[in-house]
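To start, the structure itself, in structure tokens.
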Amino acid sequence: MDALLVSYGVEWLNLLVRWLHLITGIAWIGASFYFVWLDNSIRPPKAGSDLAKKGVSGELWAVHGGGFYNPQKYLVAPAELPEELHWFKWEAYATWLSGFAMLFIVYYFNASAMMINKDVADLSTWQAIGVGLGTLVIGWTVYDVLCRSPLGKREGLLGIVMYLFIVAAAYVLSHLLSGRAAYIHVGAMIGTMMVGNVLMVIIPGQRKLVEAMRVGKSPDPIYGKKAKQRSVHNNYFTLPVLFIMISNHYGMTYSHPYNWLILAAIIAAGALIRHFFNLRHAGRVSFGYPIAGVALLLAVAIAIAPRPIPPVAPVAKAEAAVAGAAAAVAAPSADMAHIQEIIGQRCATCHSAQPTQPGFATAPAGVMLQTADQIRQHADKVYQQAVQLKAMPLANLTHITDEERALIGTWYTSGAK
């Protein structure tokens, strides 16, 4: 009972922190999208106008919510520091902190089920957690060093190098952790780069600009340029991170043998699509970028699509019939009684009204597989997750065999009766 209450409490904690993560993430991403749009959409004032004389580098007019707005951006800073100045930082900090909390609640608290796959790497719980935490530290360090190096002045080349680094991280993680954990840690690594940009570069630079104005000095524009660079990086990181946040619902991606390559293609597609919108806001429409992004996604969908079972040749059929007749005496048949026995042992430890698998208080996604009717109701999901994707059971904690998966497959293709 104590273990059940702990699992139930953790599930509520998961719900509340996930909700917070979603709320703060929307606030952060919304602000990021808006300000990049604003930077790309403002137009310089007329030469010699009052705005130009005040040092305004661009402005625009917008209408929203029944009112007109006239945002203006100064080339470096206004002549006087405003009495009230709004900062955008807590959205980023709260998003990262809540996301980091979720890593502990969902993955580190139950690492044996959520992070470790013995078929991938025989890690201990602490080794798996160490890999996860180390990824965040190494990812930010490498990224920040590259940005501060001479490479940081060549945006296109820096983007290519960072993409290759992220793909390399995905490859390494997919050979150390379960596919689902590998994906989420690539996302957490990118998210750490993003919040590191805010904490270590953008906000400190803005503070130096403000402090210079307070003491009557002319602000150094270099801080604004560095902050703008990191802000743009965060904008391109956003779509890949959002995909990774929802990827745990799509085992067809993270459970694939080449899951790292699939993630690489989807990250590239997200960056291409984001680039289209950034250019469009600046007045340049180039449909080649979204077309390339969609083509990448389509290629991934085709590449990982389930393959039909090839027909058996006549001679092979005869041989299989003889072998099958001999084996039928000992082998279980694909009837509901045997399927229910397999699922009861391998799946219902989690997918039941009262799960017996440690760390689970309720059936994942509300799917229960305790009765024959429940198994038939969810036959499509059972076949997809256990046979096609082999994504379930998680980390194969219940040691389902290939023969048992094959038996479920035969039952399903025979009508799931």
Side-chain angles (χ1 to χ4, degrees), residues 19-95 194-195 197-198 201-214 216 218-239 241-242 270-287 289-290:
W19 193 10
L20 173 64
H21 187 57
L22 180 64
I23 293 168
T24 56
I26 289 171
W28 184 15
I29 292 167
S32 171
F33 278 12
Y34 173 73
F35 278 105
V36 171
W37 170 83
L38 189 61
D39 256 2
N40 289 330
S41 300
I42 58 174
R43 299 295 179 260
K46 293 180 180 179
S49 65
D50 291 339
L51 289 179
K53 292 176 181 178
K54 289 196 306 180
V56 172
S57 63
E59 68 162 344
L60 64 77
W61 283 90
V63 60
H64 180 74
F68 291 90
Y69 297 81
N70 181 212
Q72 299 173 355
K73 180 180 178 179
Y74 285 78
L75 190 61
V76 177
E80 295 181 3
L81 185 66
E83 291 184 8
E84 188 174 355
L85 189 63
H86 296 279
W87 297 71
F88 292 84
K89 55 184 178 178
W90 292 111
E91 301 92 339
Y93 300 159
T95 300
M194 294 172 69
V195 79
N197 283 337
V198 177
V201 179
I202 297 173
I203 295 301
Q206 291 173 349
R207 286 199 180 111
K208 288 178 180 178
L209 292 174
V210 170
E211 186 59 32
M213 293 188 66
R214 280 179 178 160
S218 179
D220 189 342
I222 189 63
Y223 299 116
K225 291 179 181 178
K226 289 180 178 179
K228 173 68 180 300
Q229 179 194 44
R230 300 298 183 101
S231 181
V232 170
H233 290 179
N234 282 1
N235 184 262
Y236 282 98
F237 284 147
T238 301
L239 293 189
V241 167
L242 288 175
L272 288 168
I273 292 169
R274 187 65 239 165
H275 189 57
F276 164 76
F277 283 102
N278 289 340
L279 290 178
R280 182 174 176 272
H281 297 152
R284 293 171 53 195
V285 178
S286 181
F287 287 106
Y289 291 106

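Since the structure is predicted, the reported quantities are computational estimates derived from the model, not experimental observations.
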Exercise. Is Thr95 reaching over with its side chain to a backbone N or O of Glu91, donor-acceptor style, under 3.5 angstrom?
Worked result: yes
Problem set entry | Check: Ala227 main-chain N/O paired with Ser231 side-chain donor or acceptor under 3.5 Å | no
Exercise. Could you give the distance from CH2 (Trp28) to CD1 (Ile26), rounded to the nearest 0.5 Å?
Worked result: 14.0 Å
For this session: May I ask you to check whether Phe35 and Phe88 place their ring centers less than 6.0 Å from one another?
Result: yes
Exercise. So, Lys208 and Asp220, do they make that salt bridge, N to O below 4.0 Å?
Worked result: no
Problem set entry | Closest approach of Ala77 to Met213 (non-hydrogen atoms, all atoms of both residues) | CB-SD, 3.5 Å
For this session: Count the heavy atoms belonging to other residues, nucleotides or ligands that lie under 6.0 Å from NZ of Lys226, then report whether that count exceeds 12.
Result: no
Exercise. More than 12 heavy atoms of other residues, nucleotides or ligands under 6.0 Å from OH of Tyr69: is that the case?
Worked result: yes
Exercise. Between Gln206 and Pro204, is there a donor-acceptor pair closer than 3.5 Å when you use the side chain of the first and the backbone of the second?
Worked result: no
Problem set entry | From OH (Tyr289) to CZ (Arg284), nearest 0.5 Å | 6.5 Å
For this session: Looking only at non-hydrogen atoms, find the nearest pair between Val195 and Ala92 and report the distance.
Result: CG2-O, 3.6 Å
For this session: Hey, could you give me the CG/CD distance between Leu51 and Glu59, rounded to the nearest 0.5 Å?
Result: 5.0 Å
Exercise. For Leu38, does its backbone N or O pair with a side-chain atom of Ser41 as donor and acceptor, under 3.5 Å?
Worked result: no
For this session: Might you confirm whether atom OH of Tyr74 has over 12 heavy atoms from other residues, nucleotides or ligands at distances under 6.0 Å?
Result: yes
Problem set entry | Residue pair Ala52 / Gly48: nearest heavy atoms and the distance that separates them | CB-N, 4.1 Å
Exercise. From His275 NE2 over to Leu279 CG, what is the distance, rounded to the nearest 0.5 angstrom?
Worked result: 4.0 Å
Exercise. If you measure from NZ on Lys89 to CD1 on Ile202, what distance do you get to the nearest 0.5 Å?
Worked result: 12.5 Å
Problem set entry | Test log, rule side chain to side chain contact (heavy atoms under 4.5 Å, CB included), inputs Lys54 and Gln72 | CA-CA 11 Å; Lys54 289 196 306 180; Gln72 299 173 355; 4.3 Å; yes
Exercise. Under the side chain to side chain contact (heavy atoms under 4.5 Å, CB included) criterion, do Lys228 and Asp39 qualify, and how do the steps go?
Worked result: CA-CA 9 Å; Lys228 173 68 180 300; Asp39 256 2; 2.9 Å; yes
Seminar exercise, completed: The reported gap from NE2 in His233 to CE in Met194 (rounded to nearest 0.5 angstrom) is 12.0 Å
Exercise. Is it true that the NZ or CZ of Arg207 lies under 6.0 Å from the centre of Tyr223's six-membered ring and within 45 degrees of the ring axis?
Worked result: no
Exercise. Just wondering, do Val210 and Trp87 contact through their side chains at under 4.5 Å, heavy atoms?
Worked result: yes
Exercise. Would you call the rings of Tyr93 and Trp90 parallel, tilted or perpendicular if under 30° counts as parallel and over 60° as perpendicular?
Worked result: perpendicular
Problem set entry | Side-chain heavy atoms of Leu60 within contact of Trp37, under 4.5 Å | yes
For this session: Indicate the atoms forming the closest heavy-atom contact of Phe33 with Asn235, along with that distance.
Result: CD1-ND2, 3.5 Å
For this session: Would you please test Asn40 and Asn278 for side chain to side chain contact (heavy atoms under 4.5 Å, CB included) and show each step?
Result: CA-CA 7 Å; Asn40 289 330; Asn278 289 340; 3.9 Å; yes
Exercise. Would Gln229 and Val201 satisfy side chain to side chain contact (heavy atoms under 4.5 Å, CB included), going step by step from the backbone distance to the final call?
Worked result: CA-CA 10 Å; Gln229 179 194 44; Val201 179; over 6 Å; no
